[in-house]
Amino acid sequence: MLDLSRSIRGLLDGAIEQARRAQAQQHWESAANAWDEAARLSLRIADSLSSAEDRELRVRSAQEFRACAKKLRDRAHGGGEAATQPDKLGIAPTSELTAAIQSLRHRSTIGWDQIAGLDETIRTIQSAYALSLARTPHGVELKPARNLLFYGPPGCGKSLLAAAASHGLDAAFYNVSVSGLVSKWFGESAKLVTELYREARRQTISVVFLDEIDALAARRDSLDSNASRQILSNLLAELDGMATKDHSSVVLTIAATNAPWDLDPAILSRFARQIHIPLPDEHARRQLLELHLEQRGYELQPSRDGVAAATDGLSGREIEQFCQGLTERMLWRENPDLSALAKLGRDALENYQVTIGPITADDVQHELSRATPKTPAELLRRYRQWRSES
Ligand SMILES: Nc1ncnc2c1ncn2[C@@H]1O[C@H](COP(=O)(O)OP(=O)(O)OP(=O)(O)O)[C@@H](O)[C@H]1O
Ligand SMILES: [Mg+2]
């Protein structure tokens, strides 16, 4: 079968190219027409896609292209600004990059109350961001920390904190896996970094989350050195806020790593706040049990304090898995006919009411014997050492 969407993609790239060229020559009307054409082609591609997610990306790109066309017409008719500041129009990059950037964008639904422990850290993040957004008295210059680095063992809430920060600020959230960025966009990665921040600056507030930022350092030797230098230098410029031309938007960057010692000194120095996210302490473990059991409608028969004490050394992710194990064990016990029921088909299952019982001391004992902490003691020692040296 002829791959229609592929040839339309070629047309789309052509339309975008034409729009950018017309724009560079300040031919606003023909640039606007070319963006409209790009929007139409993007929707045609959307129609031909089977995955809902891919379709949505294309529809969003189409909306962006339309918005570009409208801005060009409005400003061209209104005169003045468009002629002097075409860059401010938020010109879309090539369609693939636009789609890639759009796919990184999310609306987080994680609230601060879904995070166990880390009270002090949450307050630090909140005050750093409050200062970034608040008005300063006339004549006072404030340099709030817009770049935060989280480091610590796996599964202790780094990604969760970034998502909650974005939700708390009602910000656009760009979730970037740096290792994916480096490997998948090889060659185009540096451009993607710049375009990503440009897109982020088009929002009123955005949080750019650079997960596994150490991948950049780790890959430096293996990447062709020109490309890696380019990614690094683009990222450094963005972190410095040098590329910020417009003060009407706030872009906050949060980077996360399990191995802060691998980071390039130039990157590290851009993060005034380096925050350790440790294994959950006893208070945090109590809250984790509450979040993953009681707040989900399960009753824990033995005392929560006792279970919290017995789970020392487990990460947040391991405690979540431990809780999952507890509920499954209880559910199988309370609903012994479940597997037989599955054979009776969908109607029988939909009419079945699941029975819930208490999670017993025996369940806890059984799951504790399976839940061994996976964070090596050596890693914890290294965080302590790095902290004392940095
Ligand atoms: N402090 C916490 N409060 C609530 N849940 C937590 C906490 N820490 C971990 N979890 C649970 O563990 C899962 C993993 O947490 P998260 O993704 O934030 O870890 P991470 O520190 O980013 O790990 P990694 O370094 O592997 O990326 C979360 O989805 C959450 O369910
Ligand atoms: Mg993470």
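Along the sequence shown, residues carry numbers from 1.
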Do L379 and I319 land in one hydrophobic cluster if side-chain heavy atoms of ILVMFWY residues count as linked below 4.5 Å? no
Is there a side chain to side chain contact (heavy atoms under 4.5 Å, CB included) between D170 and R107? Walk through the geometry before answering. CA-CA 8 Å; D170 197 18; R107 277 264 155 209; 3.1 Å; yes
Given side chains that start at C-beta, do those of Y174 and E199 come closer than 4.5 Å, heavy atoms only? yes
Are side-chain heavy atoms of V364 and L300 found at a separation under 4.5 Å? yes
Closest non-hydrogen atom pair, L12 against A38: CD1-O, 3.3 Å
Short N-O contact, E29 and R73, less than 4.0 angstrom: yes
Side chain to side chain, I267 and L216, heavy atoms closer than 4.5 Å: yes
Can you tell me how far apart CG (L41) and OG (S61) are? Round to the nearest 0.5 Å. 12.0 Å
I'd like to know if R333 pairs up with D363 as an ion pair, taking the criterion as any Lys NZ or Arg NE/NH1/NH2 lying under 4.0 Å from an Asp or Glu carboxylate oxygen. yes
From K71 NZ over to D74 CG, what is the distance, rounded to the nearest 0.5 angstrom? 10.0 Å
Shortest non-hydrogen contact from F65 to S42? CE1-OG, 3.9 Å
Given L236 and R270, is the side chain to side chain contact (heavy atoms under 4.5 Å, CB included) satisfied, shown in steps? CA-CA 7 Å; L236 294 177; R270 263 59 174 199; 4.0 Å; yes
Distance under 6.0 Å and angle within 45° of the ring axis: does R382 meet both against W261? yes
Test item: side-chain donor near acceptor, Q23 and W35, under 3.5 Å: yes
Are V307 and L291 connected, step by step, through hydrophobic side chains (Ile, Leu, Val, Met, Phe, Trp, Tyr) whose heavy atoms are closer than 4.5 Å? no
Side-chain contact test, heavy atoms from C-beta onward, threshold under 4.5 Å: evaluate it for L293 versus F322 and give yes or no. no
L235, V251, V208 screened by side-chain contact (heavy atoms from CB on, under 4.5 Å) with L196, the one that passes: V208
Supply the atom-to-atom distance S179 OG to I213 CD1, rounded to the nearest 0.5 angstrom. 11.5 Å
Is the closest basic N to carboxylate O distance between R60 and E56 below 4.0 Å? yes
Go through the steps to decide whether N258 and Y383 satisfy the test side chain to side chain contact (heavy atoms under 4.5 Å, CB included), and finish with yes or no. CA-CA 9 Å; N258 302 133; Y383 291 126; 3.9 Å; yes
Would you confirm whether E37, through its side chain, and A15, through its main-chain N or O, come within 3.5 Å as a donor-acceptor pair? no
Could you pull out the closest heavy-atom pair between L72 and A31, with the gap in Å? CD1-CB, 3.7 Å
Do S206 side-chain atoms and Q203 backbone N/O form a donor-acceptor pair below 3.5 Å? no
Once you round to the nearest 0.5 Å, how far does CD1 of I45 lie from CZ of R40? 10.5 Å
Between L252 and N147, is any pair of side-chain heavy atoms under 4.5 Å apart? no
Is there side-chain contact between F150 and I125, with heavy atoms separated by less than 4.5 Å? yes
Nearest 0.5 Å please: distance from the OG1 atom of T355 over to the CD atom of Q353. 7.5 Å
Using 30° and 60° as the class boundaries, would you call the ring planes of H276 and Y151 parallel, tilted or perpendicular? parallel
Any donor-acceptor N/O pair, K158 side chain to P153 backbone, under 3.5 Å: yes
Does a side chain donor of either R21 or Q25 reach within less than 3.5 Å of an acceptor in the other side chain? no
Report whether L288 and I122 are members of the same hydrophobic cluster (ILVMFWY, side-chain heavy atoms less than 4.5 Å apart, transitive linking). no
Sub-3.5 Å donor-acceptor pair from the side chain of N351 to the main-chain atoms of A348, do we have one? no
Exam field: side chain Q274 to backbone L268, donor-acceptor pair closer than 3.5 Å: yes
Check whether any side-chain heavy atom of T257 sits under 4.5 Å from a side-chain heavy atom of E212, and report yes or no. no
Okay, side chain of E318, backbone of S315: is any donor-acceptor separation there less than 3.5 Å? yes
Measuring from Q26:CD to W28:CH2, what's the distance to the nearest 0.5 Å? 4.5 Å
Evaluate the side-chain proximity of L239 to Y197: yes if any heavy-atom separation is below 4.5 Å, no if none is. yes
Search all heavy atoms of L289 against all heavy atoms of C323 and return the closest pair with its distance. CD2-SG, 3.8 Å
Which heavy atom in G117 sits nearest to a heavy atom in Q287, and how many Å separate them? N-OE1, 2.6 Å
Could you walk me through whether S177 and D211 pass side-chain hydrogen bond (donor to acceptor under 3.5 Å, both in side chains), step by step? CA-CA 5 Å; S177 150; D211 204 2; over 6 Å; no
Between M330 and Y298, does a side chain to side chain contact (heavy atoms under 4.5 Å, CB included) hold up when you go through it step by step? CA-CA 10 Å; M330 174 279 288; Y298 300 106; 3.5 Å; yes
When you measure from the side chain of R273 to the backbone N and O of L148, does any donor-acceptor pair fall under 3.5 Å? no
What I want to find out is whether R201 reaches E238 closely enough, with some N-O distance under 4.0 Å, to be called a salt bridge. yes
Do L314 and L279 sit in the same hydrophobic cluster, where Ile, Leu, Val, Met, Phe, Trp and Tyr count as joined when their side-chain heavy atoms come under 4.5 Å apart? no
Under 3.5 Å donor-acceptor, N234 side chain and V193 backbone: no
Using only atom types and a distance under 3.5 Å, with no angle test, would you say the side chain of S166 pairs donor to acceptor with the backbone of A162? no
Could you give me the CA-CA distance, side-chain angles and deciding distance for E320 and Q324, then say whether side-chain hydrogen bond (donor to acceptor under 3.5 Å, both in side chains) is met? CA-CA 6 Å; E320 185 185 11; Q324 179 79 19; over 6 Å; no
Note: A256 and L149 closest approach over all heavy atoms is N-CD1, 4.5 Å
Is a donor on one side and an acceptor on the other found under 3.5 Å between the side chain of N335 and the backbone of V354? no
Counting only heavy atoms not in K70, do more than 12 fall under 6.0 Å of its NZ? no
Salt bridge flag under 4.0 Å for residues D312 and R285: yes
